[in-house]
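The block underneath contains the structure these notes are about, expressed in structure tokens.
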Protein chains: 2
Amino acid sequence: MRLFLERGYDATTVSDVAAAAEVSSMTVFRHFPTKEDLVLSDDYDPLIADRIKSQPPDEPLMRRMAASLLQGVAGLSADDRELLLARLRLTLATPALRARQLDNQYATQRAIVEALRSDPPDPDQEFRLWVSAGACLAAAAAAIIRWAEQDGRLDLGELMAYALAIVTGEDGNPPHPSPGRH
Amino acid sequence: MRLFLERGYDATTVSDVAAAAEVSSMTVFRHFPTKEDLVLSDDYDPLIADRIKSQPPDEPLMRRMAASLLQGVAGLSADDRELLLARLRLTLATPALRARQLDNQYATQRAIVEALRSDPPDPDQEFRLWVSAGACLAAAAAAIIRWAEQDGRLDLGELMAYALAIVTGEDGNPPHPSPGRH
DNA sequence: CTAACAAATGATAGTTTCTAACATGTGATT
DNA sequence: AATCACATGTTAGAAACTATCATTTGTTAG
């Protein structure tokens, strides 16, 4: 991360990273399947999929998804958020990383649908799950991106709640437009 | 496309494509900046962005976006749909293409926001645009993916209308669950 | 018809990511 | 102290690009 932030992702070769870590390039590739994985080691997906099954099943679908995502960001420590911010800066600025991150989001979408679909599969239900999950994740991503663009000055939880409210229709008020915090 | 469908995307080198086209590899790279561009030559984005500005401005935001997307697929010829189907099969099966396609979708999202945002930029409005566009594109993508998974047997327009209705809240009925057409 | 000019193509060499095969060292268990 | 699993290193190589320069092709002007 230090090298990538200093010299840029594309301008930093895996050999550079290996040298800085005082190992051979091969060792890097053994621990990180691709160069992208040096930045994007996404292990949030299973957590979200787990959390969504513990939501009250009488709530509407999208609200359950929204609640899971909000609980996810609520559980982030200050350190988590700092690291997330650094990764986001790099990711948004680097096409290769951006594409890969979006594919991770797609995997999360699949995990959510997988977690919620009924056992004898119902194609129509699964489609509705897929659409709803896609919309919620798009809202969450929008919040995270805006949060990163503002250098983390806004509150991520409030921002995401606002974004999700837009999508679920229960259109609330924007979170403290200017006050900021931190 | 023929080679990619026959032998798979990863198993086909750019040299193979160049040989089949009876040109040198260099010539391929001059016409297609990356190997992915051989499959994903997305020129739909500007069309959608244009169309969205010609929607009745008194309609709710998401309905305008939905209408633009639906008009987009309505304008596809049978040949267009056939090519789209072949590309989708390949794209869904190939991680590299999938990631790139998602990045294209991200670019479309930006184009839509760009087309709709007010001239003195309003951060809150822009955020709402971003969230809404993301949700609509997620719904459209869900419809396209399902359409491809069903080998184009369902009607793409109806499927997308259904998906968009789920997201805009005006939850309709699923399109002819089984009849199919093709 | 030819000369001249612009554009497309080709050839070559190089960098970078990533894979495969095999060799080496190191630490824990028996 | 011998052995075995495992992390690491070395080397060779494929494949996607990039840069540079030569060559061809097509088009237009004289």
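In the text below, chain A, chain B and the rest are named by the order of the sequence lines, each starting its count at 1.
- Near DNA chain C, defined here as any heavy-atom distance below 4.0 Å, there are no residues from residues 94-107 of chain B.
- Taking the salt bridge (Lys or Arg N to Asp or Glu O under 4.0 Å) definition, one finds that B:Glu22 meets it with nothing, sequence neighbours left out.
- For A:Ala99, the side-chain contact (heavy atoms from CB on, under 4.5 Å) test picks out B:Ala99, B:Asp103, with sequence neighbours left out.
- Between B:Glu158 and B:Leu154, every side-chain heavy-atom pair lies at or beyond the 4.5 Å cut-off.
- Among residues two or more places apart in sequence or in another chain, the side-chain contact (heavy atoms from CB on, under 4.5 Å) test is passed with B:Ala143 by A:Phe127, B:Leu159, B:Met160, B:Ala163.
- For DNA chain D, the contact window with chain B, defined by any atom under 4.0 Å from a protein heavy atom, covers D:dA15 to D:dA19 in 5' to 3' order.
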Summarise how protein sits on nucleotides 14-20 of chain C as a single string, 5' to 3': B when a protein heavy atom is under 4.0 Å from the base, S for sugar-phosphate-only contact, - for no contact.
-> --SSBBB

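- Between B:Asp37 and B:Arg100, some side-chain heavy-atom pair lies under the 4.5 Å cut-off.
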Report the C-alpha separation of A:Leu88 and A:Ile144 in whole Å, then their side-chain angles, then the decisive distance to 0.1 Å, and conclude whether the side-chain contact (heavy atoms from CB on, under 4.5 Å) test is met.
-> CA-CA 9 Å; A:Leu88 278 169; A:Ile144 290 177; 3.3 Å; yes

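- Legend: ring-ring contact (aromatic ring centres under 6.0 Å, His included) pairs involving residues 52-97 of chain A, not counting sequence neighbours: none detected.
- Residue pairs meeting the ring-ring contact (aromatic ring centres under 6.0 Å, His included) criterion with at least one partner in residues 98-120 of chain B, sequence neighbours excluded, are B:Tyr106-B:Trp130.
- Here B:Ser24 does not reach the OP1 or OP2 of C:dT9: none of its side-chain N or O atoms lies under 4.0 Å away.
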Scan nucleotides 25-28 of chain C against the protein and return all N/O pairs shorter than 3.5 Å with their distances rounded to 0.1 Å.
none

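- A:Gln101 places none of its side-chain heavy atoms less than 4.5 Å from the side chain of A:Glu36.
- In the hydrophobic clustering, A:Val14 connects to A:Met1, A:Leu3, A:Phe4, A:Leu5, A:Tyr9, A:Val17, A:Val23, A:Val28, A:Phe29, A:Phe32, A:Leu38, A:Val39, A:Leu40, A:Leu90, A:Leu97, either directly or through intervening members, whenever side-chain heavy atoms lie under 4.5 Å apart.
- As rounded to whole Å, 14 Å separates atom P of C:dA7 from atom NE2 of B:His31.
- By the salt bridge (Lys or Arg N to Asp or Glu O under 4.0 Å) test, A:Glu126 is found to be paired with A:Arg117, residues two or more places apart in sequence or in another chain being considered.
- Put simply, the side chain of B:Ile112 reaches to within 4.5 Å of the side chain of B:Leu137, judged on heavy atoms.
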Only distances under 3.5 Å count here; give the side-chain donor-acceptor pairs of residues 70-77 of chain B to other protein atoms, sequence neighbours excluded, each with its distance to 0.1 Å.
unit_1: B:Gln71; atom_1: OE1; unit_2: B:Gln55; atom_2: NE2; d: 3.3
unit_1: B:Ser77; atom_1: OG; unit_2: B:Asp79; atom_2: N; d: 3.4
unit_1: B:Ser77; atom_1: OG; unit_2: B:Asp80; atom_2: N; d: 3.0
unit_1: B:Ser77; atom_1: OG; unit_2: B:Asp80; atom_2: OD2; d: 3.2

